[in-house]
Amino acid sequence: MSLVGKKFPNVTIDAMSEMGDDLRINILEEATSNQQKVILFWYPKDFTFVCPTELHAFQDALGEFAKRNTKVIGASCDTNEVHFAWLNTAKDNGGIEGVTYPLLADTHRQLANILGIVDQDFEYNEDGEETFTGSNVTYRATYLIDETGKIFHESVNDMPLGRNVKEYLRLIDAYTHVQKHGEVCPANWEEGKDAMKADRNSTAEYLAKN
């Protein structure tokens with residue numbers, strides 16, 4: 001079930017800083033208390049394959065997110081200790097050394113289960129006993145949260161599919177344009193391009209020019 005348009009769950013989760021500090025982070029409070037947007041991206045597991053490419057890609061774009069008053073937070077179901085070990089593993093050895101944004105450690109899957117992004121199924125065998133299937137880690141889910149704590153974008157990739165970080169910057173630009181100007185953003189809109197008023201005439205004018 002989609003959470004777009006709803007407040008992000010009010011849940012506080014363990015997290016790890018790049019300096020090895022144990023943190024407690026509430027995404028809703030990060031957005032509302034600091035009056036900033038938040039991008040929360042979930043990845044399946046530390047010390048894996050596609051995951052470090054994504055974490056480094058978000059790190060490379062950190063300055064662009066900061067320009068947009070947006071905080072970047074990563075998340076998985078690993079422990080703080082595993083996060084810290086990975087943060088201290090060199091990039092050329094598959095690690096994420098150099099990543100400076102916090103990483104949630106949702107070890108008990110409290111938040112991930114609320115969001116419904118864990119790869120897990122429960123079935124019953126012939127004896128009526130509950131059996132578990134699935135990897136019990138999260139898919140590549142991404143949430144964009146505004147300054148009021150409202151989710152304005154969510155997406156979920158299957159585990160082999162890495163994300164395009166530039167698309168999240170574009171979505172933040174589009175949403176900020178809507179906030180500032182009250183206009184709507186057409187397909188493939190980018191900063192500096194024409195937007196539209198939310199009425200039939202404006203749509204017709206836009207289509208006539210494009």
Side-chain angles (χ1 to χ4, degrees), residues 4 8 13 15-21 23 25 27-32 34-76 78 83-84 86-106 111-112 115 117 138-147 149-180 185 187-193 195:
V4 169
F8 195 86
I13 299 295
M16 172 59 59
S17 78
E18 82 279 10
M19 299 300 294
D21 298 318
L23 307 174
I25 292 180
I27 300 296
L28 180 64
E29 291 179 359
E30 286 289 332
T32 57
N34 298 315
Q35 283 297 286
Q36 63 184 351
K37 294 180 176 67
V38 175
I39 177 166
L40 172 65
F41 73 96
W42 293 81
Y43 61 92
K45 202 172 182 181
D46 293 356
F47 290 99
T48 51
F49 318 112
V50 175
C51 298
T53 69
E54 291 193 310
L55 272 76
H56 286 296
F58 278 104
Q59 178 65 34
D60 291 343
L62 210 57
E64 291 300 317
F65 284 109
K67 289 178 186 176
R68 293 160 173 81
N69 190 33
T70 301
K71 182 166 186 174
V72 176
I73 299 176
S76 77
D78 295 281
H83 281 338
F84 190 55
W86 205 25
L87 284 162
N88 282 280
T89 302
K91 182 178 181 180
D92 61 8
N93 195 29
I96 58 167
E97 186 176 33
V99 165
T100 60
Y101 49 83
L103 301 177
L104 296 189
D106 190 18
L111 179 54
L115 297 172
I117 57 173
T138 65
Y139 295 103
R140 299 187 192 282
T142 312
Y143 297 88
L144 297 179
I145 301 110
D146 73 10
E147 298 86 349
K150 185 182 80 172
I151 299 169
F152 65 92
H153 169 84
E154 66 177 340
S155 59
V156 182
N157 289 10
D158 200 357
M159 295 173 193
L161 306 176
R163 283 162 280 213
N164 184 337
V165 174
K166 291 181 180 179
E167 173 62 5
Y168 301 113
L169 293 169
R170 189 193 73 83
L171 287 167
I172 291 168
D173 286 342
Y175 189 77
T176 302
H177 184 93
V178 171
Q179 288 176 307
K180 288 182 177 179
C185 296
N188 299 321
W189 182 91
E190 294 177 344
E191 186 67 48
K193 290 186 176 181

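All of these numbers come straight from a predicted model, not from anything done at the bench. The basis for the numbers below is simple: all heavy atoms, side chains too, and nothing from hydrogens, waters or symmetry mates.
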Hey, could you give me the [atom1]/[atom2] distance between [X] and [Y], rounded to the nearest 0.5 Å?
{"X": "E154", "Y": "L115", "atom1": "CD", "atom2": "CG", "value": "8.5 Å"}
{"X": "L111", "Y": "I25", "atom1": "CG", "atom2": "CD1", "value": "11.5 Å"}
{"X": "K67", "Y": "N69", "atom1": "NZ", "atom2": "CG", "value": "14.0 Å"}
{"X": "L55", "Y": "L103", "atom1": "CG", "atom2": "CG", "value": "6.0 Å"}
{"X": "K45", "Y": "S76", "atom1": "NZ", "atom2": "OG", "value": "10.0 Å"}
{"X": "M159", "Y": "C51", "atom1": "CE", "atom2": "SG", "value": "9.0 Å"}

Nearest heavy-atom neighbours spanning [X] and [Y]:
{"X": "E54", "Y": "L161", "value": "OE2-O, 4.3 Å"}
{"X": "G162", "Y": "V50", "value": "CA-CG1, 3.9 Å"}
{"X": "A141", "Y": "I117", "value": "CB-CG2, 3.7 Å"}
{"X": "K71", "Y": "P102", "value": "CE-CG, 4.2 Å"}
{"X": "L28", "Y": "G149", "value": "CD1-CA, 3.5 Å"}
{"X": "I73", "Y": "E30", "value": "CD1-CG, 4.4 Å"}

Is a side-chain N or O of [X] found less than 3.5 angstrom from the main chain of [Y], in a donor-acceptor match?
{"X": "T176", "Y": "I172", "answer": "yes"}
{"X": "W189", "Y": "L171", "answer": "no"}
{"X": "N93", "Y": "T89", "answer": "no"}
{"X": "H83", "Y": "L104", "answer": "yes"}
{"X": "D78", "Y": "D46", "answer": "yes"}
{"X": "E97", "Y": "N88", "answer": "no"}

*SB check R170 E190 (cutoff 4.0 Å)*: no
*Should R68 and D173 count as an ion pair when the cut-off is N to O under 4.0 Å?*
yes
*Test ring pair (Phe, Tyr, Trp, His ring centres under 6.0 Å) applied to Y175 - qualifying residues, sequence neighbours left out*: F152
*Under the ring pair (Phe, Tyr, Trp, His ring centres under 6.0 Å) test, which residues partner F49, sequence neighbours left out?*
none
*Any M16 side-chain heavy atom under 4.5 Å of L87 side chain*: yes
*With the side chain counted from C-beta on, respond yes when P52 and W86 share a heavy-atom pair under 4.5 Å apart, and no when they do not.*
yes
Does the side chain of [X] pick up a donor-acceptor pair with the side chain of [Y] at under 3.5 Å?
{"X": "R163", "Y": "T142", "answer": "yes"}
{"X": "Y43", "Y": "T138", "answer": "no"}
{"X": "Q59", "Y": "T100", "answer": "yes"}

*Start with the C-alpha distance between W42 and Y143, add both sets of side-chain angles, then the distance that settles side chain to side chain contact (heavy atoms under 4.5 Å, CB included), and finish with yes or no.*
CA-CA 9 Å; W42 293 81; Y143 297 88; 4.0 Å; yes
*Verify side chain to side chain contact (heavy atoms under 4.5 Å, CB included) between Y168 and H153, making sure each step is shown before the conclusion.*
CA-CA 9 Å; Y168 301 113; H153 169 84; 3.8 Å; yes
_Crowding at CG, D158 (>12 non-hydrogen neighbours, <6.0 Å)_ = yes
*Residues that K180 engages under side chain to side chain donor-acceptor pair (under 3.5 Å), provided they are two or more places apart*: none
*Taking the inter-plane angle between the rings of F41 and F58 on a 0 to 90° scale, is it parallel (under 30°), tilted (30 to 60°) or perpendicular (over 60°)?*
parallel
*Go through K37 and I145 one step at a time and tell me if the side chain to side chain contact (heavy atoms under 4.5 Å, CB included) criterion holds.*
CA-CA 6 Å; K37 294 180 176 67; I145 301 110; over 6 Å; no
*Test D146 against Q179 for side chain to side chain contact (heavy atoms under 4.5 Å, CB included), laying out the working first.*
CA-CA 10 Å; D146 73 10; Q179 288 176 307; 4.2 Å; yes
